[in-house]
Structures are given as C-alpha cells and as structure tokens.
There are 2 protein chains.
Amino acid sequence: MTDTSLTPDRILDTTEQVLRRFGPEKATVVDVARALDVSHGSIYRHFPSKAALRDAVAERWLHRVASPLQAIAAADGLADARLRRWLEALIALKRQKVRGDPEMFATYVALAHDSQGAVERHVAELLGQIKAIVDAGCADGVFLVADAAAAARAVFQATARFHHPAHAAEWNDPDIDRDFEAVWHLVLAGLKGGAG
Amino acid sequence: MTDTSLTPDRILDTTEQVLRRFGPEKATVVDVARALDVSHGSIYRHFPSKAALRDAVAERWLHRVASPLQAIAAADGLADARLRRWLEALIALKRQKVRGDPEMFATYVALAHDSQGAVERHVAELLGQIKAIVDAGCADGVFLVADAAAAARAVFQATARFHHPAHAAEWNDPDIDRDFEAVWHLVLAGLKGGAG
DNA sequence: CAGATGACAGATTTCAATATCTGTCATTTC
DNA sequence: GAAATGACAGATATTGAAATCTGTCATCTG
C-alpha cells in the first residue's frame with residue numbers, strides 16, 4: 001500500500017526528483033505524473049495548482065534550513081557565542097547547498113522567489129530564533145539592547161551578504177571569511193551596547 | 001561640426017536613449033547607428049565591440065553615483081555624522097533611480113552585471129571614500145578601529161540591503177528606514193570600538 | 001462512493017525556417 | 001588619406017504553426 005497509494009509526500013519527493021532532472025523551467029506536472037505512473041489529473045486531487053505544488057516544495061526546502069538552526073538557538077551557553085555559532089551554521093548550510101549542487105540551489109531559489117509567502121514565514125522563523133538568542137543574552141547581561149526584535153532584524157540584515165541567495169556568487173570570494181569577521185565585529189559591538 | 005561629427009560621447013548619449021527605448025535585450029548596435037544616422041560600421045571605429053560600448057555606458061552611470069558622494073566624503077565635520085550622511089546619500093541616490101524609472105534601473109543593473117570590471121572599480125572607489133571618512137574619524141578619536149580598510153568594507157557590506165541593487169525590491173518595504181536605523185546603530189557602535 | 005482516469009479548451013512552449021545582428025574589411029567619399 | 005560605407009559570413013533572434021501543458025470535469029473502477 002505504501003508505495004502504491006498517492007500521498008502529498010510521495011508527490012513532493014517525486015517533484016523534487018523531476019525538478020532536479022529537468023530544472024524549474026522545464027519540469028511539468030505531467031512529468032511528475034509520469035514519474036509516479038499516474039494521470040496528471042490525480043496530482044490535482046492533492047495540490048490545487050502547479051504553483052501550490054511548487055510552494056510546497058519550497059516550503060519543505062526552507063524548513064530543512066530552519067530546522068537544524070532551531071537546535072542551536074535553543075542550546076545553553078553564552079548568548080554571544082551561541083549567536084556566532086548560529087550565524088556560522090546558517091552560512092555554512094547555504095554555502096554547502098550552493099557548492100554541492102549549484103543548479104539545484106538555483107532551482108530552489110527560483111521556487112522560493114515565486115513563493116513569497118513561504119519565504120516570509122521562513123524569515124520570520126529565523127528572526128524568531130535570533131530574537132530568542134538576543135533575549136537570552138539580555139537576561140544574562142551579555143547583550144544590552146532596547147528592542148530585541150529590532151536587534152534580531154538588524155543582525156540578520158547586516159549579515160545578508162553572507163547568507164542571502166542574491167549574494168551567492170560572492171561566496172566564492174577568497175576574502176569572504178575575513179569580511180564576515182569584520183561585520184561580526186560591528187554587529188557584536190552593537191549588541192553589547194558599546195555606544196549607547 | 002559639433003552635431004555632425006561622430007564622437008564617443010555622442011555615441012554613448014544615443015546608446016542610452018536606445019537602451020531607454022528598447023531595453024537591454026533588444027537594443028542593437030544597428031539601432032544606435034540608425035538613431036545617429038550613420039552606418040553601424042562607424043560605431044566600431046570608436047568602440048571595439050558591443051560589449052565595450054555597454055561597458056562604457058555602465059561606467060558612466062556608475063560614475064554618476066560615485067561622483068556626488070565624493071563631495072560628502074571629503075567634507076568637514078565629525079566623521080560619524082559624515083559617514084551617516086554619506087550612507088544616506090548613497091541610499092537616497094539608489095532609491096531615487098529605481099523609483100524614478102524602474103525599467104531604466106533594471107537596464108543599468110543588467111549592464112553593470114555584464115561589466116564586472118566596471119563594478120569592481122566602482123566599489124573600490126566607494127570603499128576608498130568610506131575609508132577616508134573612517135581614517136578621519138580615527139584621527140579625531142571619534143572612531144577606534146585597527147584596520148580602516150577592513151572597517152570600510154564591513155560598513156559597506158553590513159548596509160548592503162539598503163543600497164545593493166539585488167535588494168531593490170525590498171526598498172518599498174514600509175519598515176526599510178527603521179531597519180536601516182537598527183543596522184546603523186550596530187555599525188556605529190562597532191566603529192566606536194564599544195566592544196574591543 | 002472515494003479515488004483515479006483521460007478527453008478537452010485555452011494557454012504556453014517548441015521547433016525550424018526566416019530575418020536580423022555582430023564584427024570585418026575592401027571600397028568609397030570628401 | 002582619414003573617416004565612413006555597405007556587403008559579407010557566421011552567430012543570434014524572431015516568427016508562426018504544431019506540439020505540449022494546465023486545470024476541469026464527466027466518467028470509470030474496485
């Protein structure tokens with residue numbers, strides 16, 4: 001029954017395979033149906049449109065990024081070290097994905113671009129994780145900020161060059177790690193409240 | 001003679017008009033020649049290739065951004081206020097260009113994307129201007145940084161969301177000014193050396 | 001009767017023939 | 001004779017007819 005019954009998860013798995021093989025431009029609902037050996041009409045029983053199917057693929061991919069970071073955000077230890085580890089993990093995840101399979105990375109970026117809602121939820125989730133670290137840091141006196149949510153956004157945005165897919169081409173720059181170090185220094189100083 | 005003789009500047013002016021009318025995909029060297037009422041072979045007397053012509057257009061556009069900022073970087077007054085004014089001017093220039101004529105902005109971004117060398121020189125020029133402000137700030141004791149060039153890069157990169165064309169779509173966000181304020185706070189604290 | 005099918009209309013994409021463009025250069029113009 | 005021309009070869013883009021795709025739904029199947 002497991003490999004014969006058509007479920008959303010099975011459709012999503014197959015859609016990823018089809019996207020990997022044909023790319024986001026060429027992949028069609030008919031291709032997915034063919035790969036599953038069902039009629040394309042059956043896909044529409046589980047997803048109302050091709051766009052909804054792509055949204056779901058994007059959402060799952062974004063969740064695979066946010067999920068491992070959640071563990072870091074919720075860990076023990078000093079908030080400044082934890083924030084550093086969290087950012088390094090986010091950056092490493094993204095770089096790993098783009099280096100491991102650049103075409104698939106581009107595919108997922110294209111999907112995400114069309115699924116603005118999924119991206120917004122994803123960013124909100126990441127901001128929530130940063131805010132949790134900042135809150136903890138304030139409680140411990142490691143950080144000193146008036147508005148933790150605003151500080152979380154500032155940290156995320158100031159480091160955009162190192163994790164935002166629009167900057168992926170710059171991640172090959174040999175100076176990228178040194179650049180991150182310099183930005184991290186500014187960010188950390190700001191969170192510690194060095195200049196009220 | 002002035003309006004009959006074919007000069008690089010006249011070709012560049014006309015190329016901009018043609019790009020404005022047809023966009024970067026459709027504009028051809030033949031279109032430029034037609035607009036100038038010369039044969040397209042004559043264009044190749046002044047520019048070795050279509051790519052070189054587009055490079056020159058990009059370079060001129062980028063210079064129009066860097067030029068007014070130079071005055072701010074070289075002005076008197078406290079370095080922190082000057083850096084703030086410089087960043088605000090850079091951001092205002094970019095926003096003005098994208099709001100005033102979004103299609104032409106996209107055109108120039110496409111040209112710049114193909115003229116990596118021109119972009120690198122432009123960024124180096126901007127980094128030089130920031131470094132001059134940071135150097136002045138260090139001399140006055142307003143800033144405290146070990147490596148002014150590294151600090152300049154960090155300032156530029158941490159604020160990328162507010163001036164890098166890849167983020168242009170986000171400039172319509174109603175919270176964009178508040179976001180810049182938060183990032184500016186982090187950056188300023190870092191430059192003042194609050195957290196050694 | 002829940003779930004799958006496949007034929008269908010309208011929209012989108014493909015493909016190959018046709019036209020245009022880029023860059024060169026021997027010839028022409030002033 | 002310096003500057004401009006226009007014909008040319010090979011590369012690129014356009015076009016319109018044919019094929020395919022999306023989304024729907026009446027029908028079928030177990």
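Chain identifiers are assigned alphabetically (A, B, ...) following the order of the sequence lines, protein sequences preceding nucleic acid strands; residue numbering begins at 1 within each chain. For the numbers below, each heavy atom of this structure counts, side chains included, while hydrogens, waters and symmetry mates do not.
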*Asks:* Please give, in whole Å, the distance from D:dT24 P to A:Ile43 CD1?
*Replies:*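 About 14 Å, once rounded to whole Å.
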
*Asks:* Between D:dC21 atom C1' and A:Phe47 atom CZ, what is the distance in whole Å?
*Replies:* 19 Å

*Asks:* List, with names and distances, any nitrogen or oxygen atoms from the protein found under 3.5 Å away from nitrogen or oxygen atoms belonging to nucleotides 5-7 of chain C.
*Replies:*
unit_1, atom_1, unit_2, atom_2, d
C:dT5, OP2, A:Ser39, N, 3.0
C:dT5, OP2, A:Ser39, OG, 3.3
C:dT5, OP2, A:Ser42, OG, 2.7

*Asks:* Within this structure, what is the OH-to-P distance between A:Tyr44 and D:dG23, rounded to whole angstrom?
*Replies:* 4 Å

*Asks:* Kindly check if the number of other-residue, nucleotide or ligand heavy atoms within 6.0 Å of CZ (A:Arg21) is above 12?
*Replies:*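 Atom CZ in A:Arg21 is not crowded, with 12 or fewer foreign heavy atoms closer than 6.0 Å.
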
*Asks:* Please list, chain by chain and in numerical order, all residues satisfying ring-ring contact (aromatic ring centres under 6.0 Å, His included) with A:Trp61, sequence neighbours excluded.
*Replies:*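 Only A:Tyr108 meet the ring-ring contact (aromatic ring centres under 6.0 Å, His included) criterion with A:Trp61.
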
*Asks:* With a cut-off of 6.0 Å (strictly less than), are more than 12 heavy atoms of other residues, nucleotides or ligands near CD of A:Glu103?
*Replies:*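 Count not over threshold, so no.
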
*Asks:* Taking only heavy atoms on the protein side, list every residue of residues 24-36 of chain B lying under 4.0 Å from any atom of DNA chain C, sorted numerically.
*Replies:* B:Thr28, B:Val29, B:Val30, B:Arg34

*Asks:* Specify the separation, in whole Å, of atom CZ of B:Arg10 and atom C1' of D:dA4.
*Replies:*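 One finds 13 Å between C1' of D:dA4 and CZ of B:Arg10, rounded.
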
*Asks:* Do A:His122 and A:Glu125 get their side chains close enough for a donor-acceptor pair, meaning under 3.5 Å?
*Replies:* no

*Asks:* Locate the shortest heavy-atom distance separating B:Phe47 from B:Ala56; write the atom from each residue and the value.
*Replies:*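 Heavy atoms of B:Phe47 and B:Ala56 come nearest at CE2-CB, 3.8 Å.
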
*Asks:* Less than 4.5 Å apart, side chain to side chain, heavy atoms only: is that true for A:Arg60 and A:Asp13?
*Replies:*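 Side chain of A:Arg60 against side chain of A:Asp13, heavy atoms only: contact under 4.5 Å found.
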
*Asks:* Please confirm whether the ring centroid of B:His167 lies under 6.0 Å from the ring centroid of A:His167.
*Replies:*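 Ring centres of A:His167 and B:His167 closer than 6.0 Å.
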
*Asks:* In terms of side-chain heavy atoms of B:His46, which of C:dT22, D:dA4, D:dT24 is nearest?
*Replies:*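 Minimum distance to the B:His46 side chain belongs to D:dA4.
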
*Asks:* Are A:Val187 and A:Phe180 side-chain neighbours, meaning at least one heavy-atom pair lies under 4.5 Å?
*Replies:* no

